[in-house]
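One structure is given below, encoded as structure tokens.
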Amino acid sequence: ENGSAAAIPIDPRFDIAYVTPVTIGTPPQTLYLDFDTGSSDLWVFSSHTPESQVRGQRIYSPEKSSTAKLLAGHTWSILYGDGSGSLGNVYTDNFTVGGVTVTSQAVQTAQQVSYSFTSQSEIHGLVGLGFSTLNTVFPNGQLTFFDNAKSTLDSPVFTADLKWKKEGTYDFGFIDETKYTGEITYLPVQTDPGYWTFTSSGYAVGDGAFHPASIVGIADTGTSLTYLPAEVVTSYWGQVDGAVDSDYYGGYVFPCSSKLPSFTFGVGPANITIPASYINYAQITEGSPVCFGGLQSSSWLGVNIWGDVALKAAFVVFNGANPPTIGWAKK
Ligand SMILES: CC1CCN(C(=N)N)CC1
Ligand SMILES: CC1CCN(C(=N)N)CC1
């Protein structure tokens, strides 16, 4: 059975993250979760999360679900790139996204969440769509929703059609030809250590010359911005008057009134152009004349990340066949 579900920006001012409605258990409990191709744990705020750490989030209560089963003796603990994290225990239960149901999905219930999750009331947990090798459940790692659902889908794929300040979609099991233009260019995926890792063929700043390069990075729906090698981002921000890489603000900032160039990245013989508006990411605080860039340096990260700023410029196919590949199309 195939499915389709909304990817809803959690903030109307800038695309910090997208959430998608899911139902868990019997009777169904609806939560809005952050679908994250950069991790592989499915965890939720729950009746096991201390009240002091819950601030407006919906919670999953396994004790209210007739189909919930404790996965005895199993625990999990995860730390994300931005220092946030969570930990807890594990149940299996019915899990449905856009009409696709997995009847015994490992649902990791949070017993602790870090402050950045407590402070984000719109995110009720995460659905990891990375490779299951990254799953943190101990002593036995669990499968992602996609790995569990794959065999029931017409095709072992899911697609991301994220949008700038608008609702997009995640589709499961099929490729919707109405969501893209031209051809889809498929690239090989390196599945070790477990991200959707691919190699971009280069970049161009605005209408400038294309610079062939091999940029190894991950396609990551769970990261807001795009983080690329220092030489790439310095050549981009070098075209913007007043842009500086600010220690104080933690990245490239620029005068909000600046006219930004677009950014084009190569996908095999094809390319995707990120409009300037997507890179004019947000004012550093409401009403400030200083804006934070959507393109930042990856030098402190140790990995290049094609986050939402890049993904929302494309229609992206996460092909879970053997071997997996990743497809990119304009839209
Ligand atoms: C490599 C890092 C990318 C950002 N992360 C994520 N989307 N969960 C954490 C891992
Ligand atoms: C993968 C990301 C999900 C959202 N995050 C957060 N709310 N602190 C960061 C990690």
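Whatever order the structure lists ligands and atoms in, that order sets their numbers, starting from 1. Along the sequence shown, residues are numbered consecutively beginning with 1.
- Centroid-to-centroid, the aromatic rings of Y170 and F146 stay 6.0 Å apart or farther.
- Every N/O-N/O distance between Y80 and ligand 1 stays at or above 3.5 Å.
- Ring-plane geometry between W164 and Y278 is classed as parallel, the angle between the planes falling under 30 degrees on a 0 to 90 degree scale with a further cut at 60.
- Of all the heavy atoms of I305, the ones lying under 4.0 Å from any atom of ligand 1 belong exclusively to the side chain.
- Of all the atoms in ligand 1, the ones that sit under 4.0 Å from a non-hydrogen atom of G81 are 9 (C).
- Few gaps surround CD on E63; more than 12 heavy atoms of other groups in view lie less than 6.0 Å from it.
- The closest side-chain heavy-atom distance from F35 to V22 is below 4.5 Å.
- Summarising the contacts of atom 7 (N) of ligand 1 with T221, V303, D220, T37, the nearest heavy atom is found in D220.
- Within ligand 1, the atoms closer than 4.0 Å to a non-hydrogen atom of T223 are 4 (C), 7 (N), numbered from 1 in the order shown.
- Against a heavy-atom cut-off of under 4.0 Å, D36 is close to the following atoms of ligand 1: 6 (C), 7 (N), 8 (N).
- Other residues, nucleotides and ligands contribute over 12 non-hydrogen atoms within 6.0 Å of the CD atom of E167.
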